[in-house]
Amino acid sequence: MSPRNPTLDRVRWRCRRGMLELDLVLNAFLERDFATLDPRKVEALCALLERPDPELLDFVMGHQEPAEADERELVGLMRTVNTSIAA
Amino acid sequence: MAIAKRQFDAIVVGAGGSGMRAALELAEANLRVAVLSKVFPTRSHTVAAQGGVSASLGNDEPDNWHWHMYDTVKGSDYLGDQDAIEFMCRKAVEVVVELEHYGMPFDRLDNGKIYQRPFGGHTSNYGERPVKRACAAADRTGHAMLHTLYQRNVRAHTQFFVEWMALDLIRNSEGDVLGVVALEMETGEVMILQAKATLLATGGAGRIYAASTNAFINTGDGLGMAARAGIPLEDMEFWQFHPTGVAGAGVLITEGVRGEGGFLLNKNGERFMERYAPTVKDLASRDVVSRAMATEIKEGRGAGKDGDYILLKLDHLGAEVIDKRLPGIREIAKKFANVDPVTDPIPVVPTCHYQMGGIPTNYQGQVVVPDGRGGETTVRGLYAAGECSCVSVHGANRLGTNSLLDLLVFGKASGETIIADLEANSGSQQDLPKDAGDATLARLARLDSATSGETIARVGADLRRTMQLHCGVFRFPDGLAEGVRMMKDIALRSQRTFIKDKSRVFNTARVEALELDNLVETALSTMISADARKESRGAHDRSDHHERDDVNWLKHTLWFKEGNRLDYKPVKLKPLSVESFEPKARVY
């Protein structure tokens with residue numbers, strides 16, 4: 001078994017949100033992209049997850065942009081996640 | 001093995017609207033309060049509530065609590081307890097104004113008063129015409145409410161245990177509840193949190209359905225804890241569905257799509273609503289549309305490789321109309337259904353939204369159980385509020401905006417009752433039973449030692465699919481009978497699961513295994529209660545018993561985990577101070 005990644009474990013839990021839309025997007029994003037993130041991006045992701053749900057939803061749906069560049073890049077990736085059963 | 005222990009005056013399990021409203025009451029009375037939450041409080045599912053909170057403030061036009069009460073009783077299809085409904089509607093003004101004074105940023109009228117808008121089912125003068133009763137903070141009412149209550153709790157020194165999951169109640173031989181056994185996710189350690197009063201405020205359990213608007217955290221933890229502790233669950237057959245959620249995702253597609261001219265197709269491309277409602281077709285009421293969709297799927301005309309969804313066509317409206325009149329629909333469809341509705345139909349399915357049943361309580365928030373002599377008695381030390389409770393103010397169906405009201409009124413009431421009960425009973429902690437925590441540790445030990453078995457994901461997926469197919473928005477007798485058999489089998493399978501990851505720190509797999517136990521109790525109680533209720537009432541709709549049957553079924557269901565036993569108790573038709581609203585046909 002591969003060694004555990006304590007940051008991923010923590011981040012995975014923090015992707016459990018109050019809004020279903022965020023559960024779907026964040027979990028799919030994590031599965032697809034977490035392994036490719038460098039430490040700086042992981043730090044930015046942790047900061048992003050501290051945001052309130054409605055704000056995060058606005059980012060993910062493209063209604064708003066985060067001010068910080070790393071966060072903007074992450075949100076860009078999240079927007080390309082496809083959560084549909086038909087995907 | 002000895003478990004670490006901490007003591008409090010009161011424990012609140014869950015930090016959504018009702019849990020935080022109760023905690024505030026307790027902390028402001030200088031009690032030592034611990035609030036446990038799986039996620040940071042402001043990320044509770046209350047955050048997803050957009051519509052508003054109802055209160056007959058009468059800010060824009062005449063309104064009064066008795067009209068609100070009439071609407072709620074009628075909406076409940078007469079299954080709601082009228083003492084509790086009177087209590088809630090009378091208290092509504094007080095709790096909303098209180099929230100305003102806490103700093104809740106309600107939308108305002110030009111004169112500075114709270115703005116109010118109309119909402120389905122809310123009327124003036126006993127059903128005469130729509131009334132403006134919903135108070136909102138833009139489309140973020142739930143979010144604003146959580147923030148307001150959280151800030152207020154911090155001010156009152158409420159102690160939050162964030163990323164803690166309560167696992168089981170502790171009861172002594174007298175049946176009194178003395179606290180909970182809980183898991184700290186960061187360490188994976190189990191602790192006993194002892195208290196003179198324990199309030200369950202764990203929210204709904206909509207994750208028992210494959211199609212659900214509920215967030216992943218909504219796994220019925222309080223229901224599972226209550227059921228395992230021998231406490232019955234009330235009216236679990238009643239779940240509110242929305243006709244059009246994105247298949248496989250649950251995200252809602254507004255009914256405005258059909259209002260603008262979108263319509264539903266089966267796999268043959270047939271506009272089937274013409275058969276079910278020849279005049280209004282796709283604009284028939286929610287229940288008629290949901291029933292038709294379920295029938296098409298049941299009879300093999302669903303679309304998709306498993307034939308389990310319906311197609312919502314709107315491409316004929318054209319990109320301009322879709323973008324202008326239905327903002328947001330295109331991006332939702334693209335993101336969650338992978339289709340652009342400008343060219344392709346959206347796969348949709350009736351989607352579970354809200355749980356009317358739950359842990360039986362009176363309107364003071366005390367958990368009540370049968371006393372064995374035809375009446376009922378309170379469980380000392382145990383309280384419940386919010387969606388996990390069944391007061392019952394929503395009866396067989398809930399009115400929009402009454403859910404946030406329920407959180408405020410019964411969160412506050414349960415807090416007040418706990419304060420009074422602690423004052424009346426000397427206030428010392430009782431001795432814990434010697435075996436406190438043993439059953440929980442055994443459950444964890446099984447998970448930690450199992451080296452083979454089915455995965456949590458597989459059993460969970462089977463549970464959700466079974467509930468969706470056999471106990472969804474429209475229920476068929478053969479489907480229910482088969483569903484009972486399947487759910488009993490799934491319950492057995494859930495005891496033979498296995499997790500590969502045996503680590504402790506933030507082990508999501510372990511948490512999901514523990515959540516599955518709670519989903520199983522919720523789903524079993526729902527299926528068995530629904531199979532037994534041989535009528536259609538509110539959200540419980542059966543193909544073989546079309547009508548409400550007040551002679552035989554004007555009563556609350558109680559499901560007990562032990563032996564899957566059912567019992568019934570009468571509906572409280574007598575309000576606190578006014579005349580009863582007698583059951584009538586429910587026509588809008």
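Chain letters run A, B, ... following the sequence lines, proteins first, then strands; residues in each count from 1.
Contact of B:Ser212 with chain A is made through the backbone alone, with heavy-atom distances under 4.5 Å. Of the two parts of B:Lys305, neither the backbone nor the side chain holds a non-hydrogen atom closer than 4.5 Å to a non-hydrogen atom of chain A. Only the backbone of A:Val81 comes within contact range of chain B, with at least one heavy atom under 4.5 Å from a heavy atom of that chain. Of the atoms belonging to B:Leu146, not a single heavy atom falls under 4.5 Å from chain A. With a 4.5 angstrom heavy-atom cutoff, A:Leu49 touches chain B only via backbone atoms.
For the residue pair A:Arg16/B:Thr508, the side-chain donor-acceptor check at 3.5 Å is not satisfied.
In terms of heavy-atom pairs under 4.5 angstrom with chain A, the leader among B:Thr42, B:Val511, B:Val39, B:Val47 is B:Val47.
Classification of B:Glu515 and B:Arg207 as a salt-bridged pair fails, no side-chain N sitting under 4.0 Å from a carboxylate O. Ion pairing between a basic and an acidic side chain is recognised when a charged N comes within 4.0 Å of a carboxylate O; B:Asp221 and B:Lys38 show such pairing.
Atom CD of A:Glu65 has more than 12 heavy atoms from other residues, nucleotides or ligands within 6.0 Å.
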Tell me, with the steps shown, if A:Arg51 and A:Glu71 meet salt bridge (charged side-chain N to carboxylate O under 4.0 Å, His left out).
CA-CA 11 Å; A:Arg51 308 273 194 148; A:Glu71 292 189 8; 2.7 Å; yes
